[in-house]
Amino acid sequence: MRTHLCGDLRPEHIGETVSVCGWVGRRREHGEHLAFVDLRDHSGIVQCVINDDVDVRSEYVLRITGTVRVRPDGTVNDKLPTGGVEIGDCEVEILRVATPPPFPIDERADDVDENIRLQYRYLDLRRERMQKNLRIRSAINAAVRNSMDDQGFVEVETPMLVPSTPEGAREFLVPSRKEPGSFYALPQSPQLFKQLLMVGGVDRYYQIARCLRDEDLRADRQYEFMQLDMEMSFVDQDDVLDAVSEAVLAAAEAATGERPAPIERMTWHEAMNRFGIDKPDLRFDMELQELTAVFASTEFKAFAGAEAIKGIKVDGGAADYGRNALDKLTDKAKSAGAKGLVWMKATDEGFDSPVAKFLSDDEIVALKAAMEAQTGDLVLIVADDWEPTCEVLGMLRNEIGRPPVHQGPYRYVWIVEFPLFVGRDKETGNPKSGHHPFTMPHPEDIDKFESDPMSVRSIAYDLVLNGWELGSGSIRIHEPELQRKVFAGLGISDEEAERKFGFFLNPFEYGAPPHGGFAFGLDRLVAILAGEDNIREVIAYPKTQSGQDPMTNSPIPGDPKAVEELGLKILPKVD
RNA sequence: GGUCCCGUGGUGAAGUCAGGAGUUCACGCCGGCCUGUCAAGCCGGAGGUCGCGGGUUCAAAUCCCGUCGGGACCGCCA
């Protein structure tokens with residue numbers, strides 16, 4: 001039907017007779033015998049000059065055949081890539097008329113209520129922004145596949161109907177028709193199957209896998225999302241990090257045209273200490289400063305005896321944060337678990353602060369030096385145990401200084417040496433897994449299992465980009481001895497382990513190779529590389545925060561017959 | 001489960017704090033004029049249950065209560 005794409009026409013095509021197909025973006029009529037039509041397809045728009053009286057309106061679908069010609073002097077449009085040429089002597093074929101769209105099919109729809117964009121997603125997708133995002137996504141998928149193929153990985157598809165697993169995210173359940181009362185689950189990840197692929201001798205597996213989790217949605221979370229899932233045999237941590245880095249850097253290069261520098265590494269402990277979070281955004285400073293020594297012998301009760309005292313400095317922030325704003329920050333700090341928040345505004349003499357009178361002159365001087373505080377700076381201080389102190393200041397640091405996620409340079413970082421155990425179960429008091437219970441403990445820390453379990457590190461790692469967690473992985477335990485030891489640390493008995501994880505661990509008896517792997521979220525990577533703050537913008541048909549699809553109105557009530565056939569009974573809703 | 005913000009012709013906004021006739025602006029739409037525009041221009045027109053329900057009031061887009069929908073975040077996401 002067509003010889004060229006609208007956005008591809010250039011002066012080199014002058015004189016050619018071409019056919020282009022697309023939608024009417026805009027028409028400008030100048031009486032009966034002259035009209036300009038901007039015809040749009042995914043490649044861009046081109047101006048068509050129509051001398052006949054043809055009734056074409058917004059979003060009509062046209063095939064236009066005409067001659068490419070140079071635009072008359074003074075009418076070149078520098079804003080358009082095709083702006084040097086136009087199609088003249090046009091023969092217009094109306095392939096389909098169209099109802100006027102509910103919103104303009106251009107960048108002005110960026111401001112339209114997202115619910116309306118999603119209700120008419122097929123129109124939203126016609127826009128340059130969405131076309132660009134879908135194509136970046138496609139390019140990233142292709143680059144990832146190529147990179148994994150080049151590195152000798154084998155793509156294997158794992159099932160979508162899987163057994164329910166006892167731990168982890170809430171699952172979507174699928175009722176079995178043949179066995180009423182029994183259910184499949186949709187996979188939160190191919191974890192079980194990929195590790196068994198290692199037992200199966202696949203050696204290097206990958207999959208661009210759809211994963212599903214029935215947890216509340218966010219800007220960076222959808223019920224269903226895509227992961228580059230991979231697993232490798234006979235490797236250590238460096239092998240996995242190298243392989244994933246290669247794929248991520250190739251994807252970034254495909255999306256931006258520029259290959260990022262090698263990805264730096266940081267231990268979890270350093271990330272917490274310097275940035276107060278395990279997914280630090282390295283695009284801005286405002287690092288946590290160590291103040292414990294400054295107040296080692298303080299009289300100030302809120303600081304005395306605290307395990308850790310740390311502060312952050314907001315350059316020139318004294319003027320920006322009035323009493324009201326500081327109260328809000330304090331509330332936020334408290335709701336994040338802080339006992340309180342001390343704010344101090346640096347002055348020429350010392351500090352303007354409600355607590356300044358409790359501090360000695362030496363402490364004031366030492367504090368100024370430690371924070372490198374200049375007049376006009378705002379200093380925020382938290383004193384508590386080490387971890388909550390770091391976490392609260394990390395939250396405040398992000399709250400105050402973090403740019404939109406797409407802005408500025410891309411800062412990738414590997415966070416390594418995560419703790420094996422994180423927190424304790426409220427009921428049993430047993431430690432909980434940081435990553436999952438099959439994660440390899442750090443060999444140097446194995447003797448600390450009984451004496452100090454919370455300090456045991458693991459061979460688990462996260463990949464972080466601009467403060468977003470892209471994904472995580474670990475070296476897995478492949479020896480039953482060590483697995484038993486970790487289960488013991490988690491308070492899981494042999495019987496419970498057999499009941500909960502036997503189907504997974506028993507195959508390891510047949511010769512599991514040492515192995516490890518990783519999975520990272522493609523939606524998040526695409527969003528950041530496409531300059532979007534929300535993964536819905538890089539997903540063709542996303543769900544709203546309440547899990548609805550305004551276009552299809554799903555979810556919808558089940559057909560009573562189908563429900564009955566599945567052996568289900570719907571109970572009335574209870575509050 | 002929680003905190004905060006938002007809901008006004010097809011679209012985006014102003015009006016809401018401080019109640020007084022569905023008022024205003026821009027875009028779009030329909031009709032007319034117009035032979036070089038490009039977010040074309042000029043003239044005219046249509047289009048609204050101010051998300052929904054209740055309350056207060058002589059009077060509610062505006063105040064109060066409830067509810068629905070959307071968004072950001074916390075919890076949650078081994």
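Residue numbering restarts at 1 for every chain, and letters A, B, ... go by the order of the sequence lines.
A gap of 14 Å separates the P atoms of B:C27 and B:C38, to the nearest Å. B:G22 and B:U62: their C1' atoms are spaced 13 Å apart (whole Å). Comparing B:A46 with B:G32, their C1' atoms are spaced 15 Å from each other, to the whole Å. Rounded to whole Å, the C1' atom of B:G20 lies 27 Å from the corresponding atom of B:G66. A gap of 44 Å separates the P atoms of B:G15 and B:A78, to the nearest Å.
Using a 4.0 Å cut-off, some side-chain N or O of A:Lys79 falls inside it from OP1 or OP2 of B:A39. Listed pair A:Arg28 / B:A40 meets the phosphate criterion, a side-chain N or O lying under 4.0 Å from OP1 or OP2. Close to B:G28, at under 4.0 Å from its OP1 or OP2, lies a side-chain N or O of A:Arg26.
Under the stacking definition used here (centres under 5.5 Å, planes under 30°), the residue A:His30 fails to qualify as stacked on the base of B:G36. Here A:Phe36 packs flat against the base of B:U37; its ring centre is closer than 5.5 angstrom to the base's six-membered ring, tilted by less than 30 degrees.
Within the nucleic acid shown, A:Glu86 comes within 4.0 Å of at least one base atom, counting heavy atoms only.
Taking the nucleotide of RNA chain B with the nearest heavy atom to each of A:Pro104 and A:Glu29, the more 5' of the two is matched to A:Pro104.
Shown for residues 52-74 of chain A: residues whose heavy atoms fall under 4.0 angstrom of RNA chain B, namely A:Arg57, A:Ser58, A:Arg69, A:Arg71, A:Pro72.
A cation-pi geometry, defined here as NZ or CZ lying under 6.0 Å from the six-membered ring centre and within 45° of its normal, does not hold between A:Arg524 and A:Phe225.
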Generate the contact string for nucleotides 71-78 of chain B. Rules: B means base contact, S means sugar-phosphate contact only, - means no protein heavy atom under 4.0 Å. BBBBBBBB
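In this structure, the ring of A:Phe438 has its center no less than 6.0 angstrom from the ring center of A:His515.
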